[in-house]
Every structure is written in structure tokens, then in C-alpha cells.
Amino acid sequence: MRLGLALGYWGRGPNPDHVALAQEAERLGYSSVWTAEAWGSDAFTALTWIAAHTSTIELGTAVAQMAARTPTATAMQALTLDHLSGGRMALGLGLSGPQVVEGWYGRPFPRSPLTATREYVDVIRQVLRREGPVALDGRFHPLPYDGDDGTGLGKPLKPITHPLRAGLPVFLGAEGPKNIAQTVRIADGWLPLYWSPLRTDVYEASLDGVRDGFRIAPMARAKVCDDIAEGLLPVKAMLGFYIGGMGHAAKNFHADLMARMGYEAEARHIQELFAEGRREEAVLAVPDAFADEISLVGPRERIAERLELWRKGPVTDLLVLAPDRETLRVLAELNA
């Protein structure tokens, strides 16, 4: 199991420690570093900045939102950064949810998310292979565009720039069972949002038929500390926000995933509290047990024991959300 550093997305402004953390992760032997985006900073600019200050570590987006760019624009950014970094790019994509897609990007959330994702990846693969002009008779991403409001003058185009790697790895951040199963078929890796080494059966059916070389790369908050309850607070804050705030009460993929992992009543309660504006209560309502099993928090000895659970399962890359160099160092030593 390889280790990666997940930096997440920015909050109010850029984190001044991100470049230094990425450099330290590279020095410690971490295999990858990943940036993200929500409705603020974008993933590619921050990743390019990190690329310029590192030399060997793999560079991933976890995740770049599909609604933010056409698939050809995403492919252009990926192949550009792959060239500039000497072949270090890994493209992680996510569909996001209706509130973000329609509220921030001003686009309709696809009524068939599986088809939209499949078409998006198809176009990116065509660009990266550069075997001919890119064309797709698609429902969501037709190329050339053939809508009634078009001119009818579009024609299939072949990328001017030759991609460095036709096989640049594509990851998908899928949550639903059918979406995960499709990810196994069309992508090179999967970016689970929540992964519990105690509940791998939740994903067993969806992962049926995983081929050799397919990468499973979940994120996990990590913190070496003596006070476990205090160390879990950032995990609970994240869960409270995702489950309560990132999605509608009637359509929240994160809450649905928590429910499938055995915490349905708790997930719905968190949603209710958040909707009522009781955000602090929503965070505190996140069960410690759930926050604990999807993270690595506590003294070194405890983390060592729990890390073994992660290593025994199908995870190939553990993407660590670690706020400090000591935690990065301890995990590198324990995973050596």
C-alpha cells in the first residue's frame, strides 16, 4: 500500500503550508500528492504550483469537478500539466451533486449520471490517445456539438499537442454502487470518499471483477495525538459539513453512503440539524465510531495497529489528510 498526501481544497484562502507539506511528503517517500476543488479555488492551478516545487511525486486531482469544464478542456489541462511535470499527472474526476452543479456552475445535473460520466471519460481517452479527430455521438457531451442552437459548422478536431502519455491514469470519485461498478470498468482507479477497513463488504459487489493494476485510493484524515476525541473533531466537522450541507435533504450522495455503511439514522439526524441551522450540534451528532473507523487518529501505537487493517484490504494508495509533518513522518515509518 502506497501513501499519498491529500491537501483538500482551500478555505478562505491558500494554505501557506501546502507546498512545504508536499515537499516533505516527497522527501519521505510518499508516492503522490492530491489537490481538490469545490466552489472556490480550482484544483489544477494549485497542483501546477506544487509541480513546480517538486520533482518526483505523482500529481493528482481529487477531485476535479466535471461540471466545471468540458471534457476536452479537462483533457487539455491534464496533458499540459503532464508535459510540464515530466509525466507525473493523475486525473481524478468527480460529478459532484445537483446543488453545486446547478447552483455554482449553472448547468443541469445529468439525469443519467452514469452515461454522463462514461461519455466524459470517453472524450478524455480519445484526446489522450490522439488516434484521430475526437468525435462522440453523445447525449451529454456530443462532439461536434449538434444542438438546434448551434451553427452546424463544428467539425471533429485532433489535439494539436501530442500528449506525453496516452495512458495517463484517470480516477473517478464514485459513491453509488452502480457508479463504482462502472468506475471499475472504465477508469484506472477509484477515489472513495469514505473507506472503512472494517466494512469492506459495503463495496464488495461493486468491486467485483477488478483487474490487476486498478488502484483504490481512499482519503483518510490522520493525526498523531494523545487525545483521540480531540483528534477526531476535524473528522467530525468534515462529516457534518458533507452529510449535512453538501447536498439537498432529498438527494445527498454523502448521506446515502453513510447510511449504507450502517449509520442511516445518524446520517438523517445530522441532515436535519444542519438544515435547521444547528451546525455545531450536527458536527457533535456525528458518531465517534464512524469518524474513527474512516481515519487514523491517536498515539503512534494505536495508528500502527489500525494501519495494519488498511494494509490487509484492497486499498492500493492511502491518501492521507495530514496537517503536520510529524504525522506524515510517523505514517511513512509505519508503512515502510
Side-chain angles (χ1 to χ4, degrees), residues 1-11 14-66 68-69 74 77-82 84-96 124 165 168-175 183 187-195 214-223 234-235 238 242 294-296 310 315-325 327-328 331-332 335:
M1 185 179 72
R2 294 176 291 267
L3 292 179
L5 170 64
L7 295 172
Y9 46 77
W10 294 0
N15 187 319
D17 293 331
H18 276 182
V19 168
L21 284 173
Q23 291 173 328
E24 179 68 0
E26 183 176 68
R27 188 188 70 80
L28 290 168
Y30 281 62
S31 66
S32 57
V33 58
W34 303 74
T35 56
E37 62 189 9
W39 49 94
S41 64
D42 78 282
F44 287 101
T45 305
L47 196 61
T48 303
W49 189 253
I50 290 169
H53 291 82
T54 56
S55 58
T56 60
I57 197 165
E58 185 180 33
L59 307 158
T61 53
V63 294
Q65 295 176 322
M66 294 185 222
R69 307 162 191 87
T74 297
Q77 287 194 275
L79 76 84
T80 300
L81 184 49
D82 201 41
L84 294 175
S85 66
R88 293 191 280 148
M89 179 69 200
L91 179 61
L93 301 168
L95 199 59
S96 193
I124 288 173
R165 293 181 298 160
L168 185 153
V170 176
F171 290 71
L172 291 174
E175 291 185 66
T183 296
D188 302 297
W190 172 42
L191 297 162
L193 181 60
Y194 311 138
W195 179 276
F214 186 84
R215 293 166 67 180
I216 299 175
M219 292 186 191
R221 177 87 177 184
K223 176 66 176 175
V235 184
M238 176 273 293
Y242 269 72
I294 65 170
S295 59
L296 288 161
W310 292 77
V315 172
T316 62
D317 299 75
L318 175 58
L319 310 186
V320 178
L321 285 157
D324 62 88
R325 291 167 180 77
T327 297
L328 289 179
L331 285 171
N335 198 56

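From a predicted model like this one, the values you see are computed outputs, not experimental measurements.
- Between Arg215 and the options Asp188, Thr316, Asp317, a side chain to side chain donor-acceptor pair (under 3.5 Å) holds for only Asp317.
- Closest approach of Pro218 to Trp310, counting heavy atoms only: CG-CZ3, 3.9 Å.
- Contact check on Arg69 versus Glu37 returns a salt bridge, with a Lys/Arg side-chain nitrogen under 4.0 Å from an Asp/Glu carboxylate oxygen.
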Exercise. Can you list the steps and then say if Glu26 with Thr56 is a side chain to side chain contact (heavy atoms under 4.5 Å, CB included)?
Worked result: CA-CA 7 Å; Glu26 183 176 68; Thr56 60; 3.1 Å; yes
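- In this structure, Ser31 has no side chain to side chain donor-acceptor pair (under 3.5 Å) partners at least two apart in sequence or on a different chain.
- Of the possible donor and acceptor atoms, none in the side chain of Trp195 sits under 3.5 Å from a partner among the backbone N and O of Ala220.
- Side-chain contact between Pro323 and Arg221 is present, with at least one heavy-atom pair separated by less than 4.5 Å.
- In this structure, the side chain of Arg165 engages the main chain of Met89 through a donor-acceptor pair within 3.5 Å.
- The two atoms that bring Leu5 and Tyr30 nearest to each other are N-CD2, 4.0 Å, heavy atoms only.
- Asp17 is linked by a side chain to side chain donor-acceptor pair (under 3.5 Å) to nothing, counting only residues two or more places apart in sequence or in another chain.
- Closest approach of Leu319 and Ala6 over heavy atoms only: CB-CB, 4.1 Å.
- Closest approach of Phe44 to Ala78, counting heavy atoms only: CE2-N, 4.3 Å.
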